[in-house]
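Below is one structure; the comments refer to it alone.
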Number of protein chains: 2
Amino acid sequence: MKKMQDRLLNDLKGKNIRLSHQRLKVVEYLCQNHIHPTVDQIYLSLKNSIPTLSKTTVYNILKTLVEAGLVKVITIDNNESRYDINTQMHGHLKCEKCGRIFDFNIQFISFSNDELKNFEISEKNVYFTGVCPKCIENTSQDYRS
Amino acid sequence: MKKMQDRLLNDLKGKNIRLSHQRLKVVEYLCQNHIHPTVDQIYLSLKNSIPTLSKTTVYNILKTLVEAGLVKVITIDNNESRYDINTQMHGHLKCEKCGRIFDFNIQFISFSNDELKNFEISEKNVYFTGVCPKCIENTSQDYRS
DNA sequence: AAAAGGAATTGGAATAATTACAATATTGTA
DNA sequence: TACAATATTGTAATTATTCCAATTCCTTTT
């Protein structure tokens with residue numbers, strides 16, 4: 001966890017992106033909270049330690065991190081963006097009950113597709129929706145009453 | 001094409017959803033324009049034939065169609081929703097240059113995943129981004145000058 | 001055919017996410 | 001330390017979407 005953070009900060013330094021206090025905190029937050037947070041979640045959480053923090057700043061920082069390739073935008077909701085420090089290819093499942101987003105691995109080979117052979121593919125996203133084990137359990141309990 | 005429209009209208013009748021003029025037109029639009037349109041695209045296009053049309057109505061109708069399972073929401077953009085009458089499982093690729101969205105088939109088998117064996121999966125979405133053949137061609141032409 | 005009741009449409013206002021922008025503050029370097 | 005470049009901040013603007021109350025349109029009943 002700590003290692004990832006150091007790698008990210010090194011990457012930023014390498015790209016001549018200043019390690020301002022705010023940026024450090026956002027990176028730290030993303031490394032410590034693998035919850036695919038929204039801008040608002042990040043903002044609200046950091047506002048405690050940085051009272052002057054502006055939401056615009058959070059937007060700016062995330063934009064910088066995304067452009068630097070250190071963070072990926074998740075478009076599983078179409079009303080608000082979520083952010084993921086895990087930039088390796090993986091799938092996301094959003095639980096319809098609790099709203100949490102879970103990661104899962106994907107086998108790449110499966111995507112080779114003749115229809116797309118003349119396309120240049122830059123990004124592959126896999127989004128599932130469903131119900132997580134915990135919420136399945138809770139739902140079944142409801143039926144007992 | 002016409003067949004699909006008739007099937008959709010029959011489905012609506014079966015679910016006791018009135019075939020109002022506006023609804024007929026929206027269904028007709030979706031059947032004739034497989035461009036994964038936004039609400040705005042639908043609204044602007046239909047406003048010509050239905051001058052009194054309200055954008056709220058388009059939102060309402062689409063909500064009804066989605067709830068009836070006749071239309072699917074595409075969340076490939078996270079700033080605005082797109083709608084697809086093709087409810088069969090398929091992937092979407094959005095061209096970064098021209099913005100068009102292309103359909104492609106997916107092999108289902110590939111998604112069986114141990115990590116998700118305790119989840120209830122209700123929907124699977126696959127979104128790629130990249131560049132379409134036409135735009136690849138246009139870009140290469142630019143370099144000649 | 002008229003009346004009544006329910007459903008759909010409309011438009012304007014409210015909400016929420018995001019962006020634009022100008023002023024201020026911070027940082028790195030000479 | 002001083003300068004220039006970059007980052008942050010707050011407010012205002014923009015955009016997509018939802019809310020809601022008034023009106024209109026169907027459908028059914030009388």
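To find a chain, count down the sequence lines: A is the first, B the second, and so on, and within it residues start at 1.
For Leu62(B) and dA8(C), the CG to C1' distance is 15 Å, given to the nearest whole Å. Atom-to-atom, OH of Tyr43(A) to P of dA17(C) comes out at 13 Å; the value is rounded to the nearest Å. Distance CD1 (Ile42(B)) to C1' (dT17(D)): 14 Å, rounded to an integer number of Å. Atom NZ in Lys13(B) sits roughly 16 Å away from atom P in dC26(D) (whole-Å rounding). As a whole-Å value, the separation of Asn16(B) CG from dC26(D) P is 17 Å.
Residues satisfying the ring-ring contact (aromatic ring centres under 6.0 Å, His included) test with Tyr43(B), not counting sequence neighbours, are none. Considering only residues two or more places apart in sequence or on other chains, Lys55(B) meets the salt bridge (charged side-chain N to carboxylate O under 4.0 Å, His left out) condition with Asp40(B). Partners of Asn118(A) by side-chain contact (heavy atoms from CB on, under 4.5 Å), not counting sequence neighbours, listed by chain and number: Pro133(B). Partners of Arg23(B) under the salt bridge (charged side-chain N to carboxylate O under 4.0 Å, His left out) rule, at least two apart in sequence or in another chain, do not exist in this structure. With sequence neighbours left out, the salt bridge (charged side-chain N to carboxylate O under 4.0 Å, His left out) criterion links Glu28(A) to Lys25(A). Not a single ring-ring contact (aromatic ring centres under 6.0 Å, His included) links Tyr83(B) to another residue, sequence neighbours left out. His90(A) is linked by a ring-ring contact (aromatic ring centres under 6.0 Å, His included) to His92(A), counting only residues two or more places apart in sequence or in another chain. Residues that satisfy the side-chain contact (heavy atoms from CB on, under 4.5 Å) test with Ser45(B), not counting sequence neighbours, are Tyr29(B).
Comparing Leu53(A) and Asn79(A), the nucleotide of DNA chain D nearest to each residue sits closer to the 5' end for Leu53(A).
Within residues 44-52 of chain A, no residue has any heavy atom under 4.0 Å from DNA chain C. Near-neighbour residues of DNA chain C inside residues 65-78 of chain A, defined by a heavy atom below 4.0 Å, are absent.
The two residues Glu115(A) and Asn105(B) come nearest to each other via the heavy atoms OE1-N, 2.6 Å.
The phosphate of dA16(D) (OP1 or OP2) has no side-chain N or O of Thr38(B) nearer than 4.0 angstrom. Not one side-chain nitrogen or oxygen of Gln22(B) sits closer than 4.0 Å to the OP1 or OP2 atom of dC25(D).
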Contact string for nucleotides 19-30 of chain C, one letter per nucleotide 5' to 3', B = base within protein heavy-atom range under 4.0 Å, S = sugar-phosphate only, - = neither, reads BBB-----BS--
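In the displayed structure, Lys47(A) atom NZ is contacted under 6.0 Å by more than 12 heavy atoms of other residues, nucleotides or ligands.
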Which atom pairs, donor and acceptor, lie under 3.5 Å between side-chain atoms of residues 59-73 of chain A and protein residues at least two apart or in another chain?
residue  : atom : partner  : partner atom : Å
Asn60(A) : ND2  : Thr56(A) : O            : 3.4
Thr64(A) : OG1  : Asn60(A) : O            : 2.9

